[in-house]
Amino acid sequence: MDVYDVSDDLVKKLNDWKLIGIISGKFRELKENYSKVNFVEHALIDFKYMEKIYLNVVMREDKSNKRSVEFRMLGNEQFSLKNRKYFQALELYNKSICFAEPNSEHLSIGYANRSAVLFEWKRYRECLANIELARKANYPARLSHKLDKRERDCQQLLDQQQPDVQPYEFKLGFEPHPQLPYVADCLELRESPDEGRFIVTKQDLVVGDLVAIEQPFCSTLLPPMRYIRCATCKMENYLTLIPCDSCCSVMFCSEECKTKAMTTFHRYECPIIDFLHRMFNKIHGIALRTTLAALELHSSIEDLMSYCDKPENQDKCAFDLDYGQLTPQESYRAIHGLVTNQHLRSVSDLFQRSVVCAVLKHFIIEYTPLKEYLGGEDGRNFFTDLLFRHLQTSPSNMHGIDLVEQVNETKDDQTHSSGAYAFLSLLNHSCAPNTLRIYEGTKAYLFVLRPIKAGDVLYDNYGAHFAIFSKKERQETLSMQYRFNCKCEACELDYPTFVRMPRKATVPSVNDDRDMKSLGAYNYDFAASNYRKYCDFLTQYAAAYPCEQISTAEECLKMALHIMMDAVPLKAKM
């Protein structure tokens, strides 16, 4: 059961009882968003949905040494000489660590087992870090001889461990914008009735130009990554992760990240963390995190209410602000000002979003410390309004933070987090984009992928690329999720997918088998030596777009930039 099951079942029940017309009519008459959500919340309570959710969905799994041992045994099986599946073993040992009861020997044994994997893997620095964690967690004296020997061997072999790849230090290729120092000065905001807000360039851009480097206002880790990445900084540190002391679904790369989480977002999410993972998707997750991040910027809910009510803080975007002198509180303006498109939404759409918001706000207020922070009715209603706002802006404005595409890997393995980016949210979509986002951690780098003439628009891709999906598939996806009919060049000219894309006799091939082999092996030196070759080729032959040679060169450039940025999963590099 997830929140959409609840929404669908409620609508079905109202239809069966011939109440849908009455309920829809009353819902439509409500002016304030919090009133809509509260109305739906009362209906969910009256029809026993909240009670059913509470009885059937675990709010937070308890620490359990029994479960910890089970995961450790599964990890041992993967680590065995027969399997030698180190990545699977590490993730299972992380689960074992996360489920271990505080102060029990199972926590320390989990760290010790993780150190054994890392020793075999020749990751000696991380092995020593886990040995230290095991000792701090009171590793049993009866087993200490194993740890002592491993530590001595590690110390002798430490110099043999190769240093980790350091990301290439890309810098803006232009003077920084006077108000947005993380954006090139050649970019500016435009607005029209048809396209809304969008970004254009005042000078010609060529492939490979770096035009923006943006940190997110906030970000949230996707549930499949919870035993692999730090919940706070989102870095892939699963070789040395430490657990939350209370829940079994969150880990951190350091005590610093742990303390930061426990004093901000996680103190509210922790009591209901498994409920959140079970009932809601990544769009709901980043909407909640954005709302909580806004609350954290102010000492009281009254301060935030006053801040959001001021005219100068409404309907703003990144270009309305001077980031050279912003306070942390003011950084929220551009996120709060993201367009909701509520006037374009149907009653059924708003009703479904109200169900999502009602379930989410009911449980986070009733079962977490948020209730005390919000105080009385005014605070709860304001929080509801804010959450509902971000539930509308998140689907079309928040970004998946992803890694290089891998052979035989799923999308969940590529996208590890979601983030709220004030500038990137202003880029409009094209199924044939002329920009490319690459991430270093959660920091986004925006590169030019196709030459852009002065006065032309910069386009991002929202996931519906013409080389992968047919025009019909793209149009359906974009209409359903983003509420627009795409009229980009790929849709207007009906570009073929890659499997049907022609080779053009006038265009040479920039890559050969060596390129594919080296990039497929994530060879950093090769990527750094050759990425300019792909940039120059794509600039020179831009007029032949689209064709097989250009699409292949684009993929080579994407791969090279991911490798240089170290946006590659650890398991792909080993």
side-chain contact (heavy atoms from CB on, under 4.5 Å) for Phe363 and Leu276? Distances and angles first, verdict last. CA-CA 9 Å; Phe363 282 91; Leu276 293 175; over 6 Å; no
May I have the step-by-step check of side-chain contact (heavy atoms from CB on, under 4.5 Å) for Met398 and Lys282, ending in yes or no? CA-CA 10 Å; Met398 306 310 177; Lys282 62 184 179 183; over 6 Å; no
Any chance you could lay out the side-chain hydrogen bond (donor to acceptor under 3.5 Å, both in side chains) test for Asn33 and Gln342, step after step, and finish with the verdict? CA-CA 10 Å; Asn33 285 331; Gln342 184 163 339; 2.9 Å; yes
Assess whether side-chain contact (heavy atoms from CB on, under 4.5 Å) is satisfied between Gln78 and Leu92, documenting all intermediate values. CA-CA 9 Å; Gln78 296 301 315; Leu92 287 162; 3.8 Å; yes
As a quick check of understanding, evaluate side-chain hydrogen bond (donor to acceptor under 3.5 Å, both in side chains) for Gln329 and Tyr307, giving each step before the final call. CA-CA 9 Å; Gln329 289 81 7; Tyr307 179 85; over 6 Å; no
How far apart are the C-alpha atoms of Tyr323 and Tyr182, what are their side-chain angles, what is the distance that settles it, and do they pass the ring-ring contact (aromatic ring centres under 6.0 Å, His included) test? CA-CA 9 Å; Tyr323 278 78; Tyr182 59 87; 5.4 Å; yes
Run Ile286 and Cys218 through side-chain contact (heavy atoms from CB on, under 4.5 Å) and show every step you take. CA-CA 8 Å; Ile286 189 62; Cys218 67; 4.2 Å; yes
Verify salt bridge (charged side-chain N to carboxylate O under 4.0 Å, His left out) between Glu132 and Lys136, making sure each step is shown before the conclusion. CA-CA 6 Å; Glu132 183 180 357; Lys136 286 182 178 178; 3.3 Å; yes
Let me see the working for Phe27 and Phe351 under ring-ring contact (aromatic ring centres under 6.0 Å, His included), right down to the final yes or no. CA-CA 8 Å; Phe27 180 83; Phe351 188 84; 5.4 Å; yes
Full working for ring-ring contact (aromatic ring centres under 6.0 Å, His included) between His429 and Phe198: CA-CA 10 Å; His429 165 83; Phe198 56 94; over 10 Å; no
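Atom CG in Leu403 sits 7.0 Å away from atom NE2 in His562 (nearest 0.5 Å). Note: Leu221 CG to Ser417 OG = 4.5 Å, rounded to the nearest 0.5 Å. With rounding to the nearest 0.5 angstrom, the CG atom of Leu118 is 5.5 Å from the CG atom of Leu90. In this structure, the separation between NE2 on His399 and OG1 on Thr442 is 13.5 Å, given to the nearest 0.5 Å. The line from OG1 of Thr384 to CD1 of Ile365 is 5.0 Å long, rounded to the nearest 0.5 Å. Taken from OH in Tyr111 to NE2 in His106, the straight-line distance is 14.5 Å, to the nearest 0.5 Å.
Donor-acceptor pairing under 3.5 Å is recorded for the side chains of Asp9 and Tyr49. With hydrogens and angles left out, the side-chain atoms of Asn113 and Asn130 include no donor and acceptor closer than 3.5 Å. Side-chain contact annotation: Glu91 with Tyr238, donor-acceptor N/O pair under 3.5 Å absent. For Tyr482 and Asn341, the side-chain atoms include no donor-acceptor pair closer than 3.5 Å. Side-chain N/O atoms of Thr220 and Ser418 include no donor and acceptor closer than 3.5 Å. Side chain to side chain, Arg345 and Gln392 meet the donor-acceptor criterion of an N or O pair below 3.5 Å. Neither side chain, His277 nor Asp274, offers a donor N or O lying under 3.5 Å from an acceptor on the other. In this model, no donor atom of one side chain and acceptor atom of the other lie less than 3.5 Å apart for Glu330 and Asn313. A side-chain donor-acceptor contact under 3.5 Å links Ser299 and Asp303.
The closest donor-acceptor contact from the side chain of Glu214 to the backbone of Phe423 lies under 3.5 Å. Arg197 contributes no side-chain N or O that, together with a main-chain N or O of Glu191, makes up a donor-acceptor pair within less than 3.5 Å. Arg289 places a side-chain N or O within donor-acceptor distance of the main-chain N or O of Ser219, the cut-off being under 3.5 Å. Proximity of a side-chain donor or acceptor of His298 to a complementary backbone N or O of Leu295 within less than 3.5 Å is not detected. Side chain of Lys234 to backbone of Thr232: a donor-acceptor contact under 3.5 angstrom is found. Side chain of Asp5 to main chain of Asp2: a donor-acceptor pair is present (N/O by atom type, distance under 3.5 Å, no hydrogens or angles).
Ion pairing between a basic and an acidic side chain is recognised when a charged N comes within 4.0 Å of a carboxylate O; Arg353 and Asp349 show such pairing. Note on Glu296 versus Arg267: salt bridge recorded, some NZ/NE/NH1/NH2 to OD/OE distance being below 4.0 Å. With respect to the salt-bridge test (charged N to carboxylate O, under 4.0 angstrom), the residues Asp460 and Arg437 qualify. Ion pairing of Glu256 with Lys260 is absent here, as no side-chain N (NZ or NE/NH1/NH2) approaches a carboxylate O to less than 4.0 Å. The residues Glu366 and Lys371 are annotated as salt-bridged, a charged nitrogen and a carboxylate oxygen being separated by less than 4.0 angstrom. The pair Glu377-Arg380 fails the salt-bridge criterion, with no side-chain N (NZ, NE, NH1 or NH2) lying under 4.0 Å from an Asp/Glu carboxylate O. Note on Arg67 versus Glu70: salt bridge recorded, some NZ/NE/NH1/NH2 to OD/OE distance being below 4.0 Å. Ion pairing between Arg114 and Glu126 fails under the 4.0 Å rule for side-chain N and carboxylate O. Residues Glu77 and Lys85 are not paired through a salt bridge, judged by the lack of any N-O separation under 4.0 Å between the basic side chain and the carboxylate.
Residues that satisfy the side-chain contact (heavy atoms from CB on, under 4.5 Å) test with Lys12, not counting sequence neighbours, are Asp16. In this structure, the side-chain contact (heavy atoms from CB on, under 4.5 Å) partners of Ser24, at least two apart in sequence or on a different chain, are Ile20.
Checked against the 6.0 Å centroid threshold, Tyr54 and His362 do not count as a close aromatic pair. Note: Phe217 and Tyr332 meet the aromatic proximity criterion, with ring centroids under 6.0 Å apart. Taking the six-membered ring where the residue is Trp, the centroids of Phe275 and Phe280 are separated by under 6.0 Å.
Residues Ile109 and Tyr139 have side chains in contact (heavy-atom distance under 4.5 Å, counting atoms from C-beta outward).
Using a 30° and 60° split on the angle between ring planes, Tyr93 and Phe79 fall in the perpendicular class, above 60°.
Each of Cys247, Cys248, Ser249 was scored for a side chain to side chain contact (heavy atoms under 4.5 Å, CB included) with Phe99, with one residue passing: Cys248.
Within 6.0 Å of CE on Met235 lie no more than 12 heavy atoms contributed by other residues, nucleotides or ligands. Environment of OH in Tyr373: crowded, with over 12 heavy atoms of neighbouring residues, nucleotides or ligands closer than 6.0 Å. Around atom CG of Asn485, no more than 12 heavy atoms belonging to other residues, nucleotides or ligands sit under 6.0 Å away. Crowding of Asn103 atom CG: a count of heavy atoms from other residues, nucleotides or ligands under 6.0 Å not exceeding 12.
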